[in-house]
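Heads up: the structure comes next, in structure tokens.
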Amino acid sequence: MHADVRERAAALRARIEDANYRYYVLDDPDLPDAEYDRLLRELQDLEAAHPELVTPDSPTQRVGVTPAGEFMPVEHAIPMLSLNNAFTEAEVAAFDRRVREALGREQDTIEYAVEPKFDGLAVSLVYQDGLFVRGATRGDGYTGEDVSANLRTIRAIPMRLAADRPPALLEVRGEVLMLKRDFERLNAEALARGDKTFVNPRNAAAGSLRQLDPRVTAQRRLSFYAYGIGRCEGAPMPDTHAGIMDWIESMHLPVCAQRATALGVAGLLDYFAWLGALRPGLPFDIDGAVYKVNRLADQHALGYVARAPRFAIAHKYPAQEALTVVEAIEAQVGRTGTLTPVARLRPVFVGGVTVTNATLHNQDEIDRKDVRVGDTVIVRRAGDVIPEVVRVLTERRGDPPPPRFDLLRQYPTCPECGAPVIRLEGEAAARCSNGLACPAQRKQALWHFASRRAMDIDGLGEKLIDQLIDRGLVATPADLYDPERVNVATLAGLDRMAEKSAENLLTAIAASRGRDLGRFLHALGIRHVGEQTAKDLARHFGSLDALMAADETALLQVPDVGPVVAGSIRAFFAEPHNRAVIEALRRAGAWRDGTPAAPGTGVLAGRTLVLTGTLPTLTRDQAKARIEAAGGKVAGSVSGKTDYVVAGAEAGSKLDKAIALGVTVLDEAALLNLLEQGDPSP
Ligand code: 9MJ
């Protein structure tokens, strides 16, 4: 065989593995996907023509192994012990005290290596002379299962260590996990196929790693982070845990960037707080921090108690999930009359707060999760989002089981006004049929009218609106501008209002007169007419009268307006009550006709941009305003018509789609540059 073929195969392998390292470990890819695929195909073809060229560390060997019948047991030469947990600062302080006492260094400040506690599955990877030879799950700590074929599919795990003189034997330990974005994509795909979804990234990772067919695992995009080593032979070892982490990082093993060292209890608690603040933005789930005595000689001296090391501890964040019981399911009436079912829960402490309610969204969601009154459920609270029911423990249902919950049967009439509740064909939502005669809808409509992105009436909050409606001072948005109803005397008589705050509110109401037509249309709260559609309508028709006179054909001329939106607009303006309110608002001078921000001008005229993720300095609203001020349009989803995607931290599937469609991706700096310099492309 020709030496040049062998050389080419070796070069391809090195290039592909380097691309894997850059993409999956450094998160800094340097090779377009198409080029990567081309190189991999070339290598596959070479190896197919010359099977003797195939090496066990070849990237072609990551998938393509035939399914195993079962996983073989693997004994861990050094047991894979678990960590003891600390839940309070006092427990962390007690841990540190035990360490100092056991080392006979009561007066010293101990140095710890500190790192996130990954919420994944522990595995051990064995490298012989730098080559990956076997990987196993933790199992019971003494015996695990050989999941080598599945671990090979994880691109972040090097098949060959990057070291000139690798150790003769090195056992790396770490966690296999699924990144949050990969988890979301997996579930979205499962949902689209009508398959079962996974409850959380940990379960998805576990289910994927224990697949008998590695081809399935390969499609799941698992990740890996090393957190230590087991056996090491034939190489000098660093003398601290932090040193070991740096060492294995140099061999291209993935270690997380959030590791550090900390001094004493104060240092540990500082790190815990710092990591806790980062937690929501991390690409993976963590459930705490791990503290390890940094010096290996000290670790050795401390040894083990029962089944856990005495030199390390896991400091856990309060649980994000908890078990509780659904005591009732009630409906809340929203702005457009939608009845949103809410589970009333037996109070339970989750993620640092007591949770008593969880949203159930709509009847479809209730059906999908099959939530019934009396059920024991898992509730989750993540960040400051509304708590949700993750899953019902159906096995805990009594006999006979409680009946299925049917929102329409439970609420044939609106709980706020008693009007019939209807569910339109093809809609998930049930809604009150009473429109603005329903006080709950009135309140929501008024709240929306006054909100920042509509009429922007500063100081008109929920509590005030409740009082204005409940006391009959205000029934419609137009009443806000009626001095007979809303004045210093009437306002000052409300709870939590004094003369000064009443005057401030009146000033804010007065300042809202004459808002541009786009904002005003948005403020009206016409179903299916959001902020962008409102702007498009204002731009297209230029005056409210022109819009009110438009028939369906005329409405369909407006970008993104289809028959449903057009129908909703026509129905809104056909309603006599709405026409009366609009006439009153006209007399109050609430809006100003005319076309906002003349289209066709500005550096981004005619360009469509999509925002995703968190930008470093601009809020989403600010970025949107800047783009629109430059004549550009901000769309909600990426399509062939998208000119740019502006991506920040934690960008999600929109970024993936942009890359797939070849849409130019900008970061914030590039966006600002574009706004300043203009768009060079035709
Ligand atoms: C996790 N789960 O992230 C350890 N771990 O160290 C970290 N687990 C561990 N270290 C010794 N970061 C036993 C387990």
Side-chain angles (χ1 to χ4, degrees), residues 76-87 92 95 99 111-125 135-144 151 154 156-157 170-180 200-203 205-206 209 222-232 237-238 240-249 253-262 268 271-272 274-276 278-279 282-296 298-317 319-320:
H76 300 298
I78 302 174
M80 293 185 74
L81 300 177
S82 48
L83 296 169
N84 282 328
N85 291 325
F87 294 97
V92 174
F95 159 73
V99 166
E111 183 178 68
Y112 294 95
V114 295
E115 56 205 27
K117 181 161 192 321
F118 304 106
D119 200 8
L121 296 105
V123 296
S124 125
L125 312 175
T137 60
R138 190 179 93 92
D140 64 2
Y142 299 93
T143 310
L151 290 169
I154 302 177
I157 297 180
L170 180 68
E171 184 192 340
V172 177
R173 292 179 171 180
E175 296 260 321
V176 165
L177 47 85
M178 189 176 283
L179 299 184
K180 293 175 193 170
N200 56 39
R202 206 200 104 82
N203 286 11
L209 190 64
L222 295 174
S223 297
F224 171 81
Y225 286 97
Y227 61 65
I229 62 176
R231 283 177 301 164
C232 175
M237 263 209 326
T240 60
H241 180 75
I244 287 179
M245 298 304 283
D246 292 346
W247 181 48
I248 62 179
E249 181 179 35
L253 281 155
V255 292
C256 85
Q258 292 77 21
R259 67 190 193 284
T261 54
L268 296 178
Y271 177 75
F272 189 68
W274 176 81
L275 187 65
L278 286 189
R279 187 182 183 196
L282 290 175
F284 42 75
D285 279 344
I286 63 172
D287 56 358
V290 179
Y291 311 143
K292 296 172 180 173
V293 173
N294 199 21
R295 270 186 53 197
L296 298 193
D298 290 341
Q299 288 194 359
H300 193 75
L302 285 161
Y304 298 83
V305 262
R307 299 193 50 197
R310 220 192 307 241
F311 57 79
I313 200 159
H315 189 185
K316 297 287 209 66
Y317 292 109
Q320 304 274 99

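Positions are given from 1, in the same order as the sequence printed here. Both counts, for ligands and for their atoms, begin at 1 and track the order of listing.
Near ligand 1, Leu81, Leu83, Glu115, Pro116, Lys117, Phe118, Glu175, Tyr227, Val290, Lys292 each place a heavy atom less than 4.0 angstrom from the ligand.
The aromatic ring centroids of Phe272 and Tyr291 lie 6.0 Å or more from each other.
Counting all heavy atoms, side chain and backbone alike, Ala289 lies closest to Leu275 at CB-CD2, 3.9 Å. Annotation for Phe224 and Arg173: closest pair CZ-C, 4.4 Å, computed over non-hydrogen atoms.
Defined by atom type and a distance below 3.5 Å, a donor-acceptor pair is missing between the side-chain atoms of Glu171 and His76.
Between Val114 and Val290 the shortest side-chain heavy-atom distance does not fall below 4.5 Å.
For Arg310, the side chain to side chain contact (heavy atoms under 4.5 Å, CB included) criterion is met by Leu302, Val305, not counting sequence neighbours.
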